[in-house]
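In what follows, a structure is listed as structure tokens, so that the remarks can point back to it.
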There are 2 protein chains.
Amino acid sequence: MEKPRSAPTLDDVAKMADVSTATVSRCLNSPDRVVEATRKRVLSAVDALGYTPNFAARVMAAKRSFTIGAIIPTMENAIFARGLQSFQEELHQRGYTLLVSSSAYKPEIEEEQIRTLIARGADGLLLIGHDRDPKIYDFLSQRKIPALVAWSYLPDSKLPSIGFDNRAAMFDLASHVIELGHTQIGVISGLVDGNDRARLRVQGIRDAVSGSGLEASNLTLVETSYEIENGAKAFRDLMNADPPPTAILCGNDVLAAGALRQAQEMGLDVPGDVSITGFDDIELARIVSPALTTVHVPHREMGRKAALQLVEMVENQTTGTGEQLATRIVNRPSLGKPASG
Amino acid sequence: MEKPRSAPTLDDVAKMADVSTATVSRCLNSPDRVVEATRKRVLSAVDALGYTPNFAARVMAAKRSFTIGAIIPTMENAIFARGLQSFQEELHQRGYTLLVSSSAYKPEIEEEQIRTLIARGADGLLLIGHDRDPKIYDFLSQRKIPALVAWSYLPDSKLPSIGFDNRAAMFDLASHVIELGHTQIGVISGLVDGNDRARLRVQGIRDAVSGSGLEASNLTLVETSYEIENGAKAFRDLMNADPPPTAILCGNDVLAAGALRQAQEMGLDVPGDVSITGFDDIELARIVSPALTTVHVPHREMGRKAALQLVEMVENQTTGTGEQLATRIVNRPSLGKPASG
DNA sequence: AGTGGATATGTAAGCGCTTGCATTTTGAAT
DNA sequence: ATTCAAAATGCAAGCGCTTACATATCCACT
């Protein structure tokens, strides 16, 4: 009686149940094609042996991995967490596994990750945002890999997208801020290079400013990478302007949280001395005090719909239609009227 | 001239470079075993074709995947993010890829994930905490899969572990709180079932309480799952006690943030009316105001060392020694003396 | 009992790669 | 020139699975 030194294989199961490997395979993949008695015998052999199918072998033979890859800019904060969570729940429902990797907001890493995921046999890919080297799109279409963009909706893009209109969302928020009477507006944006979401959000603010008759000089912008400390630093810089802004719009909630902390450290009252807004409505926005006025993004809905659409694309070889989702402004205490008219 | 309908294979490259597939394979895996001229020819064929090795095939043939799997309880908050980040950076350095999945704190999901990762050919596994069904340990050792536990150090465990002494860390913090003069202590713990870290932290508090001559009745405990809202709810419950606690120790920073928010909503001053402490020292602890007194865990060091150790175990078939890391208390404004002596 | 179509199972050919071993080439030393 | 070990390359056998196709078995009707 030798103990198996490594994983039992289909063959071991087949021998034990006294059937062919084909039958064992069918038992596992399409049980109804096997008669009850045989199936029982096979299944009991399976767990007597503790058999687990070898994934690599299966992928290779079936040319199908039931795996979806997703590449997000970062896992360090919660921005993509909730959406990804429901994306993966929905995939799980449909029998797919999600493989996630992060690109640290770097295009070249994203490209490498895409290749890696494909080499690993991903049946489809979820990407964030539209900005990337065109040759990646060529590669994807040449290899016929279904791919979908999330977090940014664009009607005429190379890949179908499920997301929202970043420009319009920020336009609305900025307009709201201006209506409250703010005229000196500060902006803390994420790096716009290769990031259409950041770029479009800034554009939304610009449009709102010029649309409401303010001068470009009423607007001061700092661009920085998405980290709390950078939000704090940018806040310091912005408040050095003369006159200092009375409202600061941040590219996301993380930057806003950093700005808020810095304001407190500088002894400034929010929103009394200065208003601060975020974007995304992640948990953080409600935890800080005062809680952040922000743009609510329907993360869960987005994740779920992206999963459905991507699975549809994979299974029926369709192109995917994309869908625009609505955002809404969430008013919380971090935004108020400017101090003196 | 037909365009390739799917990915080019080793064979395509071999034909184009007019060598055997073996040579191409060697070019890619041990370049020094191939003479320069040939190598050049092969490599240029590789990128003329845009060849990417098929991962499944490679794993199958080599019986080695250069992949490490990690299963963490949750990705929803940042508790494991930083440690995992450095774990993966270190792995990347060493040529390994990290596959992460989360178990949502559910043992049965963790078990499934372990099987999945192994089926996918993971060369080694990182697990969080020691509490789990013994048959999982049997399975792992029978299959000879190197595995390492992090976030909790225990000298005599089935698997080597790299982490800290959860009991001692919390004992120190609780002792410190008691020294400040607090006698009514509230505890918001994570679910202890199947979670040795949560269990040991509570134990540390109990030990500190009884060790300093307080009665068990001075201690009120609420157990709940690790979510912000639950921290808030637990806080409400605890403050209903008579007398209410003057200090509340939370099982982690997330629960503490929830408690803090709730305190503010109830119009209580922290630490004036009640002190609150966390555990982990994630970014959140510094963002909330007042910032949280908490236990600092050397996440990055832990991640890095775990990676080194696990790779060592995988490559040299060693057993792994484990290592205990030191934590330290970080004093921030959320903890103060009780109101009246 | 005999028949035929449906149903269940078996056979075997790959999937794309790595690697032990066999073969050829190389080049230094004779 | 010749020899021969070392270096470079080729050959071919798998790795564990799926699946088209072939074969065997079943059962409802004559």
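Convention: sequence-line order gives letters A, B, ...; per-chain numbering from 1.
- Non-hydrogen atoms lying under 4.0 Å from DNA chain D are contributed by nothing in residues 111-120 of chain A.
- Contacts with DNA chain D (heavy atom under 4.0 Å) in residues 51-67 of chain A: A/Tyr51, A/Pro53, A/Asn54, A/Ala57, A/Arg58, A/Ala61, A/Ala62, listed by number.
- With a 6.0 Å cutoff to the six-membered ring centre and a 45° limit on the axis angle, B/Arg115 counts as a cation-pi contact of B/Phe139.
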Item checked: Per-nucleotide protein contact string for nucleotides 8-13 of chain D (B base, S sugar-phosphate only, - none; heavy atom under 4.0 Å) -> SBBB--
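- Counting only heavy atoms from C-beta outward, the side chains of A/Leu98 and A/Leu84 approach each other to under 4.5 Å.
- In this structure, CD1 on B/Ile72 lies 10.0 Å from CD1 on B/Ile79, to the nearest 0.5 angstrom.
- Between the NE2 atom in B/His130 and the CG atom in B/Leu159 there is a gap of 8.0 Å [rounded to 0.5 Å].
- One can place NZ of A/Lys15 at 14 Å from P of C/dG10, the figure rounded to the nearest angstrom.
- Annotation: the span from A/Met313 atom CE to A/Ile145 atom CD1 amounts to 11.0 Å, rounded to 0.5 Å.
- Residues B/Leu28 and B/Leu43 meet the side-chain proximity criterion, which asks for heavy atoms closer than 4.5 Å.
- The side chain to side chain contact (heavy atoms under 4.5 Å, CB included) check on B/Lys158 picks up B/Pro134, B/Tyr137, with sequence neighbours excluded.
- You'll find the side chain of B/Glu323 stays beyond 4.5 Å of the side chain of B/Thr321, heavy atoms only.
- The CZ atom of A/Arg304 sits 9.5 Å away from atom CZ of A/Arg300, with the distance rounded to the nearest 0.5 Å.
- At the heavy-atom level, B/Thr9 lies under 4.0 Å from the strands shown only through sugar-phosphate atoms.
- Note: CD (A/Glu36) to C1' (C/dT7) measures 15 Å, nearest angstrom.
- Note: A/Leu310 CG to A/Ile68 CD1 = 4.5 Å, rounded to the nearest 0.5 Å.
- Evaluation of the ring-ring contact (aromatic ring centres under 6.0 Å, His included) test over residues 72-98 of chain A, restricted to residues two or more places apart or in two chains, returns A/Phe66-A/Tyr96, A/Phe80-A/Trp151.
- A pairwise comparison of heavy atoms in B/Ala45 and B/Ala17 identifies CB-CB, 4.1 Å as the closest pair.
- The local environment of CD in A/Glu108 is crowded, with over 12 non-hydrogen atoms from other residues, nucleotides or ligands closer than 6.0 Å.
- Annotation: the terminal axes of the helix from C/dA1-D/dT30 to C/dT30-D/dA1 meet at 40°, where each axis is the rotation carrying the C1' atoms of four end pairs onto the next four (5 pairs per end, rounded to 10°).
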